[in-house]
Chemist: 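Next up is a structure, given as structure tokens.
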4 protein chains.
Amino acid sequence: MRIKEGNKEQDILDAGIKVFAAAGFHQAKISKIAETAGIATGSVYLYFSNKTAILQRIFENLWKELNSESSDILIRDDINALEKLEHLIDLVCDKFYNDPLLAIVIVNEQHNLFKDDELIPPIYKQFLDKGESIIIQGQKNGLIDNSLSVKVLRHLIIGSLKYLIDLWAKKPEEVTMNELRRNVKKIFITGLRK
Amino acid sequence: MRIKEGNKEQDILDAGIKVFAAAGFHQAKISKIAETAGIATGSVYLYFSNKTAILQRIFENLWKELNSESSDILIRDDINALEKLEHLIDLVCDKFYNDPLLAIVIVNEQHNLFKDDELIPPIYKQFLDKGESIIIQGQKNGLIDNSLSVKVLRHLIIGSLKYLIDLWAKKPEEVTMNELRRNVKKIFITGLRK
Amino acid sequence: MRIKEGNKEQDILDAGIKVFAAAGFHQAKISKIAETAGIATGSVYLYFSNKTAILQRIFENLWKELNSESSDILIRDDINALEKLEHLIDLVCDKFYNDPLLAIVIVNEQHNLFKDDELIPPIYKQFLDKGESIIIQGQKNGLIDNSLSVKVLRHLIIGSLKYLIDLWAKKPEEVTMNELRRNVKKIFITGLRK
Amino acid sequence: MRIKEGNKEQDILDAGIKVFAAAGFHQAKISKIAETAGIATGSVYLYFSNKTAILQRIFENLWKELNSESSDILIRDDINALEKLEHLIDLVCDKFYNDPLLAIVIVNEQHNLFKDDELIPPIYKQFLDKGESIIIQGQKNGLIDNSLSVKVLRHLIIGSLKYLIDLWAKKPEEVTMNELRRNVKKIFITGLRK
DNA sequence: CATGAATGAGCTTTCATTCAT
DNA sequence: AATGAATGAAAGCTCATTCAT
């Protein structure tokens with residue numbers, strides 16, 4: 001039998017990121033993804049049940065990674081909540097800095113999954129919960145203004161980052177990742193501090 | 001009088017907002033927009049050259065309106081830059097508060113236009129420039145930290161607002177517009193202040 | 001607007017019979033049906049929701065017609081049950097004699113509908129019921145052997161006719177319709193008589 | 001010994017009957033047949049050149065068996081033509097009674113072979129010829145009406161049986177095989193007798 | 001002989017856009 | 001201007017068949 005050479009599943013995910021980033025989810029053709037991955041169209045369906053499943057897995061992998069790495073931040077007791085938030089921002093910025101195409105896909109195509117609640121990987125919600133728990137911790141310790149809504153805050157931070165990262169990924173000449181990172185931290189940390 | 005024709009064009013735009021908000025740009029059918037507007041499918045093409053043109057006009061109209069109203073804020077000399085920014089945030093919040101469906105469309109479908117630079121209405125860039133000039137003014141007057149990047153800031157504010165407004169439009173029971181507005185102001189104004 | 005010329009729905013049904021007869025339901029391509037009907041592929045879907053719906057309508061139309069015409073036979077009081085059966089056989093034979101392609105479709109593709117009970121037009125069951133009621137009448141009047149099962153009989157007659165009509169439609173040189181009709185009547189009527 | 005290989009071929013045929021009966025020829029997947037047979041998909045092609053060949057062999061085996069067994073009936077001189085026909089009917093009924101799935105396949109999928117004359121196993125025609133020769137014998141001996149067409153008769157009997165057996169195989173609760181057998185014999189034998 | 005991953009042609013269905021009326 | 005029937009290109013997905021191991 002023909003043995004799987006290399007890791008075709010990963011090839012498809014990589015190709016998916018490229019094609020989704022370039023064309024958007026709906027314009028992306030499976031045949032183009034297959035071609036980019038160097039396999040036949042039909043082979044895509046050996047690894048993923050449909051186009052959405054590819055996008056879903058891209059998301060899942062990203063948040064699984066970020067969630068895992070953020071766990072280390074969460075449990076540290078040598079830094080306070082605001083410093084933890086800074087690390088969280090760094091985590092996200094670093095991830096996307098190393099994979100601009102992934103950034104574009106995440107920012108622009110996330111809503112294709114969010115229309116159907118089932119498609120949102122639970123791991124994503126876990127990641128958001130982590131951020132939320134840091135904010136709550138900060139409020140308890142008097143570092144973060146108690147009058148601020150946790151729900152609003154977590155979306156505010158995510159939203160800002162997403163928008164900026166998309167800007168950076170599409171026009172890296174207009175803003176560097178470090179500049180972006182520094183500004184975001186400055187605003188949020190100063191703004192959040194009581 | 002041209003009221004009748006003018007109305008029909010507006011009917012299509014209103015229908016477009018409804019249908020785009022409900023189904024997303026790519027899933028939205030022209031036939032559904034026509035039906036919602038109370039006209040025949042083919043008649044849509046008497047007013048708009050294609051589906052994208054409808055979305056484009058929705059954007060243009062929004063930013064035209066916001067741009068026009070923000071002019072009044074910009075020229076006031078009785079308030080400082082930070083207060084002007086507060087008014088800008090109010091302007092945007094009020095607009096979307098009165099038209100949640102529009103909010104959903106703007107937030108989720110904007111990237112369908114941004115893929116092609118030609119499709120971005122110049123008026124949108126003018127609006128961003130207004131915000132930028134307020135920030136620069138604030139930096140000159142020593143109200144806003146000079147080390148912050150104007151370009152990053154303007155996208156940061158827009159991005160945050162967009163994400164939060166989308167949250168509010170889709171799940172108004174989770175967060176009120178006033179809560180949202182208060183939080184955003186608190187963070188940005190405190191964060192921006194030197 | 002473009003006005004419907006002719007009867008496109010009927011054109012599609014006629015084309016469907018031709019193509020289903022030649023290629024079988026599963027091999028039949030919608031594009032071929034459209035071509036045969038002289039319209040564009042997509043236009044088929046203005047009249048029928050899918051391929052199965054075309055087959056379904058072909059069946060429905062046939063049995064509607066046969067059911068309607070058999071009503072006249074059923075209510076006659078100048079002929080007995082066996083004579084009524086003879087007329088029923090004539091009815092079916094005449095119908096198919098005038099439309100051999102329809103015969104092939106009915107005989108060979110019926111089971112594509114019968115897999116899903118919902119797809120069987122109720123009118124077909126009504127037709128079978130008519131035949132059954134004639135047999136019961138004949139049994140009551142002592143013309144038909146009481147020991148024969150009505151259920152078996154009605155399927156026996158239908159099954160024989162279907163098989164023979166298919167033979168005739170595919171190889172008309174091997175057997176004439178009149179020969180077929182005469183033989184069927186002879187066997188069943190003599191066989192059924194007490 | 002070659003038992004092992006012989007078994008595998010038979011496994012595929014048995015699996016084919018199951019899958020064809022359940023899903024129909026066109027919906028039946030080779031992979032499903034392989035799985036049912038307990039072998040790999042590709043292995044099917046070591047024994048059969050394609051999907052149609054499996055169906056073809058199922059037919060061939062059936063008619064080979066029936067043809068062989070009917071030879072014994074044909075040469076008997078202790079019973080007349082009508083009694084021989086009765087035995088032939090019993091033969092067919094018994095065969096299907098012991099293999100209802102086979103019955104379903106034979107009845108519903110036969111036309112997939114009959115579209116191409118080459119695919120019809122010659123042995124099938126030999127079986128029909130046997131039936132024909134019995135009828136001719138009966139006509140010579142004055143037991144069967146001379147005015148009846150041999151060709152029509154042989155198809156009439158086969159067709160009736162097929163349709164009824166399908167009914168029985170699919171809804172055994174509605175009619176027993178013995179009831180079916182009794183009815184068929186009664187009608188044909190009485191109907192055929194001069 | 002056996003495997004099952006890989007192939008890719010093929011087909012149904014959708015829908016933005018056109019155009020005859 | 002208005003209509004809505006008609007168009008036909010386009011793409012997701014299936015699965016019989018192949019073939020490298």
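Each chain gets a letter, A, B and so on, in the order the sequences are listed, and its residues count up from 1.
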Chemist: What is the distance, to the nearest angstrom, from the NZ atom on C/Lys29 to the P atom on F/dT14?
Modeler: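 Atom NZ in C/Lys29 sits about 20 Å away from atom P in F/dT14.
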Chemist: Could you state the atom-to-atom distance from CD of C/Glu35 to P of F/dA9 in whole Å?
Modeler: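 Value for this atom pair: 14 Å.
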Chemist: Atom CD1 of D/Ile12 and atom P of F/dT17: how far apart are they, to the nearest Å?
Modeler: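 So the CD1-P distance, D/Ile12 to F/dT17, works out to 13 Å.
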Chemist: Could you check whether atom NZ of D/Lys170 has more than 12 heavy atoms from other residues, nucleotides or ligands sitting under 6.0 Å from it?
Modeler: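 Enclosed: over 12 neighbouring heavy atoms sit under 6.0 Å from NZ of D/Lys170.
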Chemist: Indicate, with a heavy-atom threshold strictly under 4.0 Å, whether D/Ala28 touches base, sugar-phosphate, or nothing.
Modeler: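 Contact class for D/Ala28: sugar-phosphate only.
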Chemist: Ignoring hydrogens and angles, state whether a donor on the side chain of C/Gln27 or D/His26 is under 3.5 Å from an acceptor on the partner side chain.
Modeler: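 Side-chain D/A pair, C/Gln27 to D/His26: present.
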Chemist: Relative to the 5' end of DNA chain E, which residue comes earlier, C/His26 or B/Tyr45, by the nucleotide with the nearest heavy atom?
Modeler: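 The residue whose closest nucleotide sits nearer the 5' end is C/His26.
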Chemist: Relative to the 5' end of DNA chain F, which residue comes earlier, C/Thr41 or A/Thr41, by the nucleotide with the nearest heavy atom?
Modeler: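 Upstream on the strand: C/Thr41.
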Chemist: Assuming nearest nucleotide by heavy-atom distance, tell me which of A/Gly38 and C/Asn50 is located more 5' along DNA chain E.
Modeler: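 First, find each residue's nearest nucleotide; the 5'-ward one identifies A/Gly38.
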Chemist: So does D/Ile39 get a backbone contact from the side chain of D/Ser43, meaning a donor-acceptor N/O pair under 3.5 Å?
Modeler: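 No, because the side chain of D/Ser43 does not come within donor-acceptor range (under 3.5 Å) of the backbone of D/Ile39.
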Chemist: Can you see if the side chain of C/Ser43 gets near the phosphate of F/dT7 - specifically, an N or O under 4.0 Å from OP1 or OP2?
Modeler: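 Answer yes for this pair, as a side-chain N or O of C/Ser43 is under 4.0 Å from OP1 or OP2.
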Chemist: Can you tell me the distance, in whole Å, between the CG atom of C/Asn112 and the P atom of E/dT12?
Modeler: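 Computing the C/Asn112:CG to E/dT12:P distance gives 13 Å.
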Chemist: Using whole Å, report how far CZ of B/Phe25 lies from P of E/dC15.
Modeler: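 These atoms are roughly 14 Å apart.
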Chemist: Using OP1 and OP2 only, check whether a side-chain N or O of A/Tyr47 sits under 4.0 Å from E/dA6.
Modeler: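 Checking E/dA6 against A/Tyr47, a side-chain N or O does come within under 4.0 Å of OP1 or OP2.
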Chemist: Could you state the CG-P distance from C/Asp11 to F/dA6, rounded to the nearest angstrom?
Modeler: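 In whole Å, F/dA6 P lies 10 Å from C/Asp11 CG.
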Chemist: What pair of heavy atoms forms the shortest contact from A/Ala21 to A/Ile104, and how long is it?
Modeler: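 Taking A/Ala21 first and A/Ile104 second, the nearest heavy atoms are O-CG2, 3.9 Å.
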Chemist: Are OP1 or OP2 of E/dA6 and a side-chain N or O of A/Lys8 less than 4.0 angstrom apart?
Modeler: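 For E/dA6, OP1/OP2 do have a side-chain N/O of A/Lys8 under 4.0 Å.
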Chemist: With a 4.5 Å limit on heavy-atom distance, are the side chains of B/Phe20 and B/Lys51 in contact?
Modeler: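 A side-chain contact under 4.5 Å exists here.
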Chemist: Counting Watson-Crick and G-U wobble pairs only, both distances under 3.5 Å, name the nucleotide matched with E/dA20, or none.
Modeler: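 F/dT3 - that is the nucleotide pairing with E/dA20, both distances being under 3.5 Å.
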Chemist: Can you measure A/Leu46 atom CG to E/dT7 atom P for me and round it to whole angstrom units?
Modeler: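 In whole Å, E/dT7 P lies 8 Å from A/Leu46 CG.
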Chemist: At under 4.0 Å, does any side-chain N or O of A/Lys51 touch on OP1 or OP2 of F/dA11?
Modeler: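 For A/Lys51, the contact criterion (side-chain N or O under 4.0 Å from OP1 or OP2 of F/dA11) is not met.
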Chemist: Reckon A/Ile30 touches a base, only the sugar-phosphate, or nothing at all at heavy-atom distances under 4.0 Å?
Modeler: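 Sugar-phosphate contact only - A/Ile30 comes under 4.0 Å of backbone atoms but never of a base.
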Chemist: Write down the distance between NZ (B/Lys32) and P (E/dT17), rounded to a whole number of angstrom.
Modeler: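 Atom NZ in B/Lys32 sits about 19 Å away from atom P in E/dT17.
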Chemist: Please compare B/Val44 and A/Gln27 by the position of their nearest nucleotide in DNA chain F and report the one closer to 5'.
Modeler: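 Residue closer to the 5' terminus by nearest nucleotide: B/Val44.
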Chemist: Expressed in whole Å, how much space separates the C1' atoms belonging to F/dT21 and E/dC1?
Modeler: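 Each nucleotide's C1' atom is 13 Å from the other's.
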